[in-house]
Amino acid sequence: MVVFFEGDEVKVCSKVEGFLLLGSYYEAKILPPYKNIVEEEDQTSPLVEIVSTDEVRPMPPPATITRATQVFHYLDRVDAFDNDGWWVGILFLLL
């Protein structure tokens with residue numbers, strides 16, 4: 001089980017329909033509760049947004065630009081960073 005603390009950098013996926021593309025994760029930071037952000041319907045209640053544990057992932061270790069440290073194979077599941085997000089995919093072709 002992964003435990004996150006305030007200040008941790010994570011990847012978060014939104015499963016809300018119409019939010020970019022399903023299977024994409026974006027960098028985020030665990031923040032302390034804010035008292036000045038309120039529910040739209042009830043301006044006296046703090047806004048609480050709960051995400052499922054499968055929507056939050058730890059950030060990967062820093063990448064080495066010069067060489068990959070892992071060997072990938074046909075049909076491996078991978079996360080790749082591109083266009084400001086982490087994209088879930090399956091390897092079909094290696095060049």
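Note that the numbering runs from 1 along the sequence shown for the chain. Below, each value reflects all heavy atoms present in this structure, side chains not excepted, and no hydrogens, waters or symmetry copies. Values in this document were obtained by computation on a predicted structure and should not be read as measured data.
Between Phe92 and Leu75 there is a side-chain heavy-atom pair separated by less than 4.5 Å. In this structure, the side chains of Val78 and Leu91 come closer than 4.5 Å at one or more pairs of heavy atoms.
Scanning both residues, Glu55 and Tyr25, for their nearest heavy atoms gives O-CE2, 3.9 Å.
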Which donor-acceptor pairs under 3.5 Å do side chains of residues 2-12 form with protein atoms, sequence neighbours excluded?
from: Asp8; atom 1: OD2; to: Phe5; atom 2: N; distance (Å): 2.6
from: Lys11; atom 1: NZ; to: Asp79; atom 2: OD2; distance (Å): 2.9

